[in-house]
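The figures here come from the full heavy-atom set of this structure, side chains too, leaving out hydrogens, waters and symmetry mates.
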Amino acid sequence: MTSNVIFQHRQRFQRVFVRSFFGLFTEYETPKLVVIHSLSLTILLRLMQAILLIYSILYLLLYEKGYQKQDTSIVSSVTLKVKGIGYIHTAQNGTLIIDVADYIIPPSENNAIFIMSSYGQTDQIRSKCSESSLLKEAECDNDNECQNKPFSPRANGRWTGRCILPSDGQISNDTLSKTKSSKGLCEYAGWCPPENDEASPALINEVLNFTIFIKNFIEFPVFAVKHKNMVDDLKPCVFHANLSKDCPIFTLDYIVNQAEKDAEERDLMLRLGGVISVKLDWDCDLDRGIKLCKPEYTFARLDVPFREKPFSRGFNFRYAFHWKSTYENHRTLTKAYGLRLIIAVSGKAGKFDSITLSLNTGSLVGIFGLATFFLRYYFTSFIKKITTRLNSVFQRPPDLTQIDIKEKSTILETTTSRTDLVNAMYENNTKSLRKTSSTRPLTLTNSEKMKVHPEEE
């Protein structure tokens, strides 16, 4: 019994498979149009089509330049030059002049530049001395404590294991005045004296009046086009948003004001440093000519604002200048604070291309067809009366080979439209099936009998 059931299922599967396989070559589907006479629905459809048409043409085709071939693989080179003279007031009521070679550190970088705005210096000699009073781990009462303490990464040198007490007279008066403690400090071997991080850095005046010349050379490899952000007859100028938009020379004051709107934050950036992003964005329409292509400059602050009290504030680093005197090693340790400018270049270029236009036009036609799709979804979901009409779109027409030639001619003579022709074929096919059927008579469904036009309901 079980083997018979399995055999029947296998036979049924084979018949379905064979029928489906041959159906790929003997049957095909064709769309059928259903005409719906409704003023409100027609207006809704035309309104949706108009909205999609306006969106497709005005935004996708014109605003987004869907008729152009785009190239975003920009090749860029940036060169920065800074000019300006700064100065600081010394303790002896003097003036120390600082020029470009002093405040640009290092002299050259790739797509970046650092401008020192304040600094602190410490003259040191290689010897042995007491640790900094700011290092709490260095406090001691005897030598054993300095020998048994673990190494601290904040130490200024290698600890010798000796504890220098205030009574030894080897601790500077400045250190004693800061600690105000009877405890001593561990001795270290290294550069002495240690740097005082609590000392206020010396602020360089006239930093905001420095000028930065941004030279940018670009290339779009797809179109083999090269360009630069400078006009051919460039003259001495300073960038102005309204009066001199093509000038690539900016004052540091303009850049800082664009990157940070808070005046207090700007002052702290000059004292403690900061990081600013300078972005050049190119949007070139090669159909108009490469000479008309100009970059758009934007400035933004990248470091965390001081008002948020970050763990590491501003931007600073240390560097040293070494020399020898009377067989002793000396150095000047400088802790530099300033503004680090990072340059980023992006862009795209477009040029008319017939292939791109044809592809985008085909996409627009598909978008235009969304109106019919949405309207049909509205029909089937919210208007039950129209659902039966839409089912007629998927009617299976009668097999024309089963109708005699005389019957076909009779049908063609009595029908005046394609809808009447299909209905007549159904009626004629039904009559033939009733004559040849030995079982119950075949009854037509309401959708098969129904006319498509709503006026006929």
Side-chain angles (χ1 to χ4, degrees), residues 48-81 109-113 212-235 237-250 254-255 258-259 276-300 302 341-373:
M48 294 175 63
Q49 290 178 340
I51 294 175
L52 291 175
L53 183 63
I54 294 174
Y55 168 77
S56 301
I57 295 178
L58 296 183
Y59 180 76
L60 296 180
L61 195 61
L62 298 180
Y63 182 76
E64 292 292 336
K65 299 179 181 178
Y67 55 89
Q68 289 185 339
K69 181 180 180 181
Q70 300 290 332
D71 179 20
T72 57
S73 58
I74 184 173
V75 180
S76 172
S77 173
V78 178
T79 303
L80 302 174
K81 287 188 176 181
E109 291 187 78
N110 292 328
N111 298 330
I113 193 171
I212 304 175
F213 183 16
I214 304 176
K215 295 193 294 184
N216 184 209
F217 303 91
I218 63 169
E219 179 184 6
F220 293 101
V222 173
F223 303 115
V225 174
K226 297 181 180 180
H227 194 40
K228 58 183 179 297
N229 66 332
M230 300 171 289
V231 295
D232 296 334
D233 56 345
L234 182 63
K235 298 178 180 179
C237 61
V238 176
F239 178 87
H240 191 277
N242 298 323
L243 303 179
S244 184
K245 299 175 64 175
D246 297 335
C247 182
I249 302 175
F250 300 83
Y254 177 82
I255 294 176
Q258 291 293 315
I276 296 177
S277 169
V278 181
K279 184 176 180 180
L280 283 75
D281 188 23
W282 296 82
D283 189 0
C284 299
D285 186 356
L286 300 183
D287 295 331
R288 300 173 53 194
I290 191 63
K291 295 295 183 180
L292 299 177
C293 184
K294 305 295 180 182
E296 180 181 353
Y297 302 90
T298 55
F299 307 92
L302 298 181
L341 276 61
I342 300 176
I343 314 299
V345 181
S346 63
K348 63 179 181 178
K351 192 174 184 180
F352 177 81
D353 183 68
S354 57
I355 297 177
T356 304
L357 177 60
S358 60
L359 293 176
N360 290 334
T361 302
S363 301
L364 297 182
V365 172
I367 294 176
F368 188 71
L370 290 176
T372 306
F373 173 78

**Report entry** side chain to side chain contact (heavy atoms under 4.5 Å, CB included) assessment of Tyr63 paired with Leu58
**Finding:** CA-CA 6 Å; Tyr63 182 76; Leu58 296 183; over 6 Å; no
What is the minimum heavy-atom distance between [X] and [Y], and which atoms define it?
X      : Y      : result
Cys293 : His227 : O-NE2, 3.0 Å
Lys348 : Phe220 : C-CE2, 3.6 Å
Ile343 : Ala112 : CG1-N, 4.5 Å

**Report entry** Under the side chain to side chain donor-acceptor pair (under 3.5 Å) test, residues paired with Tyr297 that sit two or more places apart
**Finding:**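 Listed in chain order: Asn229.
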Requested in this report: Please name all residues satisfying side chain to side chain donor-acceptor pair (under 3.5 Å) with Asp285, sequence neighbours left out, ordered by chain then number.
Outcome: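 Gln68.
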Requested in this report: Would you list the pairs meeting salt bridge (Lys or Arg N to Asp or Glu O under 4.0 Å) in which at least one residue belongs to residues 222-235, sequence neighbours left out?
Outcome: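 Passing the test, one end in residues 222-235: Lys228-Asp232, Asp232-Lys291.
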Does a side-chain heavy-atom distance below 4.5 Å link [X] with [Y]?
X      : Y      : result
Phe250 : Leu341 : no
Phe239 : Pro248 : no
Ile218 : Val75  : no
Val225 : Asp71  : no
Leu364 : Leu60  : yes

Could you go through residues 351-358 and list every donor-acceptor pair under 3.5 Å that involves a side-chain atom there, pairing it with any protein atom two or more places apart or in another chain?
| residue | atom | partner | partner atom | Å |
| --- | --- | --- | --- | --- |
| Asp353 | OD2 | Ile355 | N | 3.4 |
| Asp353 | OD2 | Thr356 | N | 3.0 |
| Asp353 | OD2 | Thr356 | OG1 | 2.9 |
| Ser358 | OG | Ser354 | O | 3.3 |
| Ser358 | OG | Ile355 | O | 2.7 |

Report task. For side chain to side chain contact (heavy atoms under 4.5 Å, CB included), just list the numbers for Ile214 and Leu80, CA-CA rounded to whole Å, side-chain angles, deciding distance to a tenth of an Å, and then say yes or no. Result -> CA-CA 5 Å; Ile214 304 176; Leu80 302 174; 3.7 Å; yes
Query - Backbone N/O of His240 and side chain of Ser244: donor-acceptor pair under 3.5 Å - result: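 Judged by distance alone, no pair lies under 3.5 Å.
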Query raised in the report: Who pairs with Glu296 by salt bridge (Lys or Arg N to Asp or Glu O under 4.0 Å), at least two apart in sequence or on another chain?
Result: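 Counting only residues at least two positions away or on another chain, Glu296 forms no salt bridge (Lys or Arg N to Asp or Glu O under 4.0 Å).
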Query raised in the report: Got a sec, which pairs hit side-chain hydrogen bond (donor to acceptor under 3.5 Å, both in side chains) with one end in residues 213-223, sequence neighbours left out?
Result: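 Matches after skipping sequence neighbours: Ser76-Asn216, Asn216-Trp282.
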Requested in this report: To the nearest 0.5 Å, tell me how far Ile367 CD1 sits from Leu53 CG.
Outcome: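 Going from the CD1 atom of Ile367 to the CG atom of Leu53 covers 11.0 Å.
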**Report entry** Verdict with reasoning, Val222 to Lys69, per side chain to side chain contact (heavy atoms under 4.5 Å, CB included)
**Finding:** CA-CA 10 Å; Val222 173; Lys69 181 180 180 181; 4.1 Å; yes
Report task. Quick one: do Val345 and Ile74 satisfy side chain to side chain contact (heavy atoms under 4.5 Å, CB included)? Show the steps, please. Result -> CA-CA 8 Å; Val345 181; Ile74 184 173; 4.2 Å; yes
